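Following: one structure in structure tokens, then a few remarks.
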There are 2 protein chains.
Amino acid sequence: MEIKLSEIPLFKNVQESDIQMLLSGIVFQRKTYAEGSMVVSQGDECNRLLLLVEGTVKGEMISPAGKSLKIEDMQAPYALATAFLFGKSSIFPVNIIAVTEVSFIIIQRQEVIRLFQKSEQILLNYLSIISSRAQFLSEKLRFHSFKSLKAKIAFYLIKEAGKDNSFRLLQSQNELAELFGVARPSVGRAFLVLQEEGLIDIRYRQVEILDRKRLIEYCNE
Amino acid sequence: MEIKLSEIPLFKNVQESDIQMLLSGIVFQRKTYAEGSMVVSQGDECNRLLLLVEGTVKGEMISPAGKSLKIEDMQAPYALATAFLFGKSSIFPVNIIAVTEVSFIIIQRQEVIRLFQKSEQILLNYLSIISSRAQFLSEKLRFHSFKSLKAKIAFYLIKEAGKDNSFRLLQSQNELAELFGVARPSVGRAFLVLQEEGLIDIRYRQVEILDRKRLIEYCNE
DNA sequence: CTTGAATTGTCACAATTGTTACATTTGAAG
DNA sequence: CTTCAAATGTAACAATTGTGACAATTCAAG
């Protein structure tokens, strides 16, 4: 079932009738791919915006020997490879493969720019999409800059706590393990160590920060 | 020494005279900060573009206890926090502190948009800056998605090798260690293991890929 | 062709994290 | 208030990575 255009983030806060009008003023293409087909090949030039309006695709890196590495799944509505349309490198780094039957709206770069000129809202939406992605990546990467798992967790706890010293964890240990890039029991163990050292008290998801100062120092270890 | 405006990435490929004309048509501000002063506080709303035109600043996370974590250094010419001007979160996540005496051109968000409307080139430059940053972050993050250091290195080697089986490393082990987020001897050790297993031959920076297929399989371990 | 700083190879031991497994507790649904 | 699946606590052992140290090699400058 194809989604409504106004549900696509790029067209957020634009009325359906306006979207139709805007689209009628530019050149674009609708295209459908069968399940399993390759939408984009690694190495292709990214000179068009791909709006996934129906279905699910996956990104894969492909190697000369034919083995593939799955990178991520994306499902409609989604704007593909937004960072490659205007970035320094305009080469798709991955293959995009249709997991289900999928359909796209495809707009050439020059026409995307025309769309920006016609609608400030669409420009702002595009800026928001790509900015939010950069924020997301940046936030994720920050955790990897800490030396030890305990440091990551100390940082996380301080960030989550805000000004309070007592709060409940919003994410499960499984989710935290994925965020930090470690195994689940390691997360629990790190919590335990911080508790043994008297920095926090944790009982299931209820956390008390006992020694905020030392917890902060832990971030640098 | 203040740099020329045309050296600022945002004004790339715009003639100096045109820049002057464009700037005269919008509201903006020049501001100078003394060494050590705080340019932006963590938690401030990011509703303006900060173009660093002279000097160096650092980003720091500050904690309630007063201890700080250095995040990164930035030197002129640099556009600060581009991802926060149009992203979902518009709160500065860090303090920005002047390392030297610094000077900025400050443009409110609404005026930045007007600048985009007046100059397609500037819009493209902004899109390029933020897109390239997302690409950079994405590329860096990819390495953290591998389970082991050997997998990261296998992936790196395949990417660097391209179609050839023989090549020279372009980066030192120190640089690689930083890229992968590990200690330097660990990099050497991982190379050694891959060599002992007969996947590669490495002698200082000269690498031969002996078994590309198994090397690729290593990426999934 | 020297020379010396930078890079790389290597080692032993410490510390951290992964793996597997299972018991316990929680919290939502009935 | 039960019940049960999901989440958490915990343990033992394996595997990986960090640390610090030093020798060997490379490479660029003279």
Side-chain angles (χ1 to χ4, degrees), chain A residues 140 143-157 160-161 166-210 214-215 217-221, chain B residues 140 143-157 160-161 166-210 214-215 217-221:
Chain A
K140 207 162 176 186
F143 280 108
H144 291 285
S145 69
F146 292 106
K147 283 191 177 176
S148 70
L149 175 56
K150 278 185 288 185
K152 292 175 192 180
I153 287 183
F155 178 78
Y156 175 82
L157 289 175
E160 287 296 296
S166 180
F167 64 101
R168 280 184 75 76
L169 292 177
L170 299 175
Q171 291 164 282
S172 73
Q173 285 190 7
N174 258 322
E175 292 170 315
L176 294 180
E178 193 172 347
L179 174 62
F180 302 144
V182 299
R184 199 269 306 170
S186 298
V187 173
R189 183 165 41 200
F191 277 137
L192 191 64
V193 172
L194 291 175
Q195 175 157 338
E196 280 168 354
E197 297 185 15
L199 304 187
I200 63 172
D201 188 62
I202 181 167
R203 186 177 163 74
Y204 293 91
R205 286 182 161 189
Q206 189 60 38
V207 180
E208 309 281 335
I209 293 182
L210 302 177
R214 277 207 291 150
L215 197 57
E217 284 165 5
Y218 237 121
C219 296
N220 290 313
E221 279 167 19
Chain B
K140 207 163 175 185
F143 278 108
H144 291 285
S145 69
F146 293 104
K147 283 191 176 174
S148 71
L149 176 56
K150 278 185 288 186
K152 291 175 192 180
I153 287 183
F155 178 77
Y156 175 82
L157 288 175
E160 286 295 299
S166 181
F167 64 101
R168 280 183 76 77
L169 292 177
L170 298 176
Q171 291 164 282
S172 73
Q173 286 190 6
N174 258 321
E175 291 170 316
L176 294 179
E178 193 172 348
L179 175 62
F180 302 145
V182 298
R184 199 270 306 171
S186 298
V187 173
R189 183 164 41 200
F191 277 136
L192 192 63
V193 173
L194 292 175
Q195 175 158 341
E196 281 167 353
E197 297 185 14
L199 304 187
I200 62 171
D201 188 63
I202 180 168
R203 185 178 166 73
Y204 293 93
R205 287 184 157 186
Q206 189 61 37
V207 179
E208 310 281 333
I209 293 183
L210 301 178
R214 277 206 290 149
L215 196 59
E217 284 165 7
Y218 237 120
C219 296
N220 291 312
E221 277 168 23

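Because the structure is a prediction, the values reported are computed rather than measured.
A straight line from NZ of Lys147(A) to C1' of dT19(D) spans 10 Å, rounded to a whole angstrom. One can place CG of Asn174(A) at 14 Å from C1' of dA5(D), the figure rounded to the nearest angstrom.
Taking Gln195(B) as the reference, nothing meets the side-chain hydrogen bond (donor to acceptor under 3.5 Å, both in side chains) condition, with sequence neighbours excluded. Residues that satisfy the side-chain hydrogen bond (donor to acceptor under 3.5 Å, both in side chains) test with Gln206(A), not counting sequence neighbours, are Ser166(A). Glu178(B) pairs by the side chain to side chain contact (heavy atoms under 4.5 Å, CB included) definition with nothing, not counting sequence neighbours. Applying the salt bridge (Lys or Arg N to Asp or Glu O under 4.0 Å) test to Arg214(A) and every residue at least two apart in sequence or in another chain returns Asp211(A). Listed by chain and number, the residues in a side-chain hydrogen bond (donor to acceptor under 3.5 Å, both in side chains) with Gln171(A) are Tyr156(A) (sequence neighbours excluded). Among residues two or more places apart in sequence or in another chain, the side chain to side chain contact (heavy atoms under 4.5 Å, CB included) test is passed with Phe167(A) by Leu157(A), Glu160(A), Ala161(A), Leu169(A), Val207(A), Ile209(A).
Each end of the helix from dC1(C)-dG30(D) to dG30(C)-dC1(D) gets its own rotation axis from five pairs of C1' atoms, and the angle between them is 60° to the nearest 10 degrees.
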If you look only at distance, which donor and acceptor atoms sit under 3.5 Å apart when one is on a side chain in residues 179-194 of chain A and the other is two or more places apart or in another chain?
from	atom 1	to	atom 2	distance (Å)
Ser186(A)	OG	Arg189(A)	NH2	3.2

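Shown for residues 185-197 of chain B: residues whose heavy atoms fall under 4.0 angstrom of DNA chain C, namely Pro185(B), Arg189(B), Leu192(B).
We find the CG-CG distance between Leu149(A) and Leu176(A) to be 10.0 Å, quoted to the nearest 0.5 Å. Between the NZ atom in Lys150(A) and the CG atom in Leu215(A) there is a gap of 11.5 Å [rounded to 0.5 Å]. Residue Leu210(A) holds its CG atom at 11.0 Å from CD1 of Ile202(A), rounded to the nearest 0.5 Å.
Put simply, the side chain of Arg184(B) and the base of dG18(D) share no donor and acceptor less than 3.5 Å apart.
For Arg203(A) and dG9(D), the shortest distance from a side-chain N or O to OP1 or OP2 is not below 4.0 Å. One finds a side-chain N or O of Gln173(A) lying less than 4.0 angstrom from the OP1 or OP2 phosphate oxygen of dG9(D).
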Check: protein-nucleotides 27-29 of chain D nitrogen or oxygen pairs below 3.5 Å:
from	atom 1	to	atom 2	distance (Å)
dC27(D)	OP1	Arg168(B)	NH2	2.6

Q: Please assess Tyr204(A) against Arg168(A) for the test side-chain contact (heavy atoms from CB on, under 4.5 Å), listing each intermediate value before the final yes or no.
A: CA-CA 9 Å; Tyr204(A) 293 91; Arg168(A) 280 184 75 76; over 6 Å; no

Q: Take Lys152(A) and Cys219(A), measure what side-chain contact (heavy atoms from CB on, under 4.5 Å) needs, and give me the verdict at the end.
A: CA-CA 7 Å; Lys152(A) 292 175 192 180; Cys219(A) 296; over 6 Å; no

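The outermost nucleotides of DNA chain C lying under 4.0 Å from heavy atoms of chain B, listed 5' to 3', are dT8(C) to dA12(C).
Taking 4.5 Å as the limit, every side-chain heavy atom of Arg205(A) sits out of range of all side-chain heavy atoms of Gln173(A).
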